[in-house]
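Please read the structure below before turning to the comments.
Index from 1, following the sequence.
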Amino acid sequence: MKTVRVAVVGAGVVGFSTAICIAEALPICSVTLLAEKFSPDTTSDVAAGMVLAEVFPDIPLERQRRWFKNGFDHLLDIAQSEHAPEAGVMLSSGCQIFKEVPAEMKPFWSDTVIGFRNMTDRELKRFPNHKFGQAFTTLKCECSTYLPWLEKRFRKAGGRVEQRKVNSLHELSNNFDIIVNCTGVGSRTLVGDNQVHPIRGDSKSILERCSKLEPSLRRAKVLHEPVGLRPGRRSPRVEKELVELKGRQVPVVHNYGHGGWGVSFAWGTALDALGLVRQCLHEMPLQAKL
């Protein structure tokens, strides 16, 4: 049976997660990951790496719940294994506080994290002007460590890595049978998606807000201020389409637009992207697989 050549474009946490899922699950595929920048120069490297989530308005809640649970379980398995130090994944306990009681007091991910509960009045006294809080244990992923670990796992699965800027999908049409787009903000130019836009934190306001909650931070020394332009989008795009490239129809699977929740949803959407690649394989002409 002929090897199916798959290109995954993008070397952030979503790109490498997707490339690994395909390489490990589909031996028929030869997977190459292409990107202009790799760790430590990706947006994912700047991520805080806390596994939390918010609701995306255009995605069925059950699908979001599955994305989050799959991502959480994947990282929890790593945190409880001998790979945890090398991968930079660990359990982390904390709280989420609100100035007003939220309409949704129990978020859809509350059953997935560990020990979720509402905070007591005594606990909230520590945070003036906040009326409600939730305490739980989740996971933290140090992406500057996690990304190199993912690359190592990808290479072990037979994946190839190529550092190059992809300016157009047409550049890939002669050498690949399926293209997987995980370019985040880059999708605005690569596939013409005007719904995706760059988001960055304003560092001064972040420090100011945190100092109000934890006064000891006021004299903290700022060592450096890395900036990552998160791929903002109303909802992530995880779908497939046929694109005409140089006179032939090429299947393209999209997996991008996670905003500030890339670490939380990366493995879950990667598994969905894997399912879409499987569909592409079934739909390919017979002669392409023989």
Side-chain angles (χ1 to χ4, degrees), residues 7-25 31-54 56 64 66-79 83-84 86-90 92 109 138-157 159 161 163 180-187 190 196 198-201 226-233 235-238 253-274 277:
V8 177
V9 189
V13 66
V14 174
F16 264 117
S17 297
T18 305
I20 288 170
C21 286
I22 298 169
E24 291 183 347
V31 186
T32 303
L33 187 144
L34 307 100
E36 180 184 13
K37 295 180 179 180
F38 288 80
S39 182
D41 300 317
T42 73
T43 295
S44 294
D45 281 284
V46 186
M50 296 300 297
V51 180
L52 295 171
E54 65 178 19
F56 296 118
Q64 297 183 56
R66 186 179 73 247
W67 285 350
F68 186 86
K69 187 177 188 314
N70 286 338
F72 189 92
D73 290 348
H74 160 74
L75 291 172
L76 182 61
D77 285 344
I78 296 173
H83 302 293
E86 184 185 359
V89 181
M90 66 207 80
S92 180
W109 45 265
T138 184
L139 291 145
K140 178 170 174 55
C141 182
E142 295 286 356
C143 282
S144 58
T145 303
Y146 183 55
L147 284 173
W149 183 81
L150 286 178
E151 180 175 347
K152 184 178 177 181
R153 177 170 168 177
F154 174 59
R155 290 179 182 274
K156 185 177 180 181
V161 171
Q163 185 164 11
V180 184
N181 170 34
C182 302
T183 55
V185 173
S187 293
L190 186 64
V196 68
I199 302 173
R200 64 160 291 175
V227 176
L229 299 178
R230 294 168 290 183
R233 200 173 187 273
S235 295
R237 185 184 184 191
V238 186
V253 173
H254 300 285
N255 185 12
Y256 66 87
H258 298 60
W261 311 107
V263 172
S264 301
F265 288 112
W267 199 262
T269 60
L271 290 173
D272 270 20
L274 168 62
V277 170

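Minimum interatomic distance between Lys37 and Ala11 (heavy atoms only, all atoms of both residues): O-CB, 3.5 Å. Nearest heavy atoms, Gly88 versus Thr145: N-CG2, 3.7 Å. In plain terms, the two heavy atoms of Leu147 and Gly12 that are nearest each other are CD2-C, 3.7 Å. Here the shortest heavy-atom pairing between Val263 and Cys143 reads CG2-SG, 3.5 Å. Here the closest heavy-atom approach between residue Leu150 and residue Ser17 is recorded as CD1-OG, 4.1 Å. Pairing each heavy atom of Val89 with each of Cys141, the nearest pair is CG2-SG, 4.1 Å.
We find the NZ-NE2 distance between Lys152 and His83 to be 9.0 Å, quoted to the nearest 0.5 Å. Separating the CH2 atom in Trp261 from the CE atom in Met50 is a distance of 10.5 Å, to the nearest 0.5 Å. Here the CG atom belonging to Leu75 is positioned 8.5 Å from the OG atom belonging to Ser264, to the nearest 0.5 angstrom. For the atom pair OG1 (Thr183) and CG (Leu190), the distance works out to 5.0 Å, reported to the nearest 0.5 Å.
Under the 4.5 Å side-chain criterion, counting only non-hydrogen atoms from C-beta, Trp67 is in contact with Pro236. With contacts defined as side-chain heavy-atom distances shorter than 4.5 Å, the pair Lys140/Val51 does not qualify.
Ring geometry for Tyr256 against His254 counts as perpendicular: the plane angle is over 60°, on a 0 to 90° scale with 30° as the lower cut. Using bins of under 30°, 30° to 60° and over 60° for the plane-to-plane angle, the ring pair Phe16/Phe154 lands in the perpendicular bin.
Under a 3.5 Å cut-off, the side chain of Ser187 and the backbone N or O of Gly184 do form a donor-acceptor pair. Without hydrogens or angle criteria, Trp109 side chain to Ala53 main chain gives a donor-acceptor distance under 3.5 Å.
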*Report the C-alpha distance between Val253 and Asn181 in whole Å, list the side-chain angles of each, state the deciding distance to 0.1 Å, and finish with yes or no for side-chain contact (heavy atoms from CB on, under 4.5 Å).*
CA-CA 6 Å; Val253 173; Asn181 170 34; over 6 Å; no
*Audit row: Leu139, Leu76, side-chain contact (heavy atoms from CB on, under 4.5 Å) steps and yes/no*: CA-CA 7 Å; Leu139 291 145; Leu76 182 61; 4.1 Å; yes
*Evaluate side-chain contact (heavy atoms from CB on, under 4.5 Å) for Cys21 paired with Trp267, printing each intermediate quantity in order.*
CA-CA 8 Å; Cys21 286; Trp267 199 262; 3.7 Å; yes
_With side-chain contact (heavy atoms from CB on, under 4.5 Å) as the criterion, how do Leu34 and Thr32 come out once you've worked through the C-alpha distance, each side chain's angles and the decisive distance to 0.1 Å?_
CA-CA 6 Å; Leu34 307 100; Thr32 303; 4.1 Å; yes
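Across Asp272, Thr269, Leu274, a single residue satisfies side chain to side chain contact (heavy atoms under 4.5 Å, CB included) together with Asn255, and that is Thr269. Between Cys182 and the choices Val9, Val8, Leu33, the side chain to side chain contact (heavy atoms under 4.5 Å, CB included) rule is met once, by Val8.
Residues passing the side chain to side chain donor-acceptor pair (under 3.5 Å) test with Thr138, sequence neighbours excluded: none.
Taking a cutoff of 4.0 Å between a charged side-chain nitrogen and a carboxylate oxygen, Glu151 and Arg153 do not qualify as a salt bridge.
Two rings, from Phe56 and Phe265, have their centers less than 6.0 Å apart.
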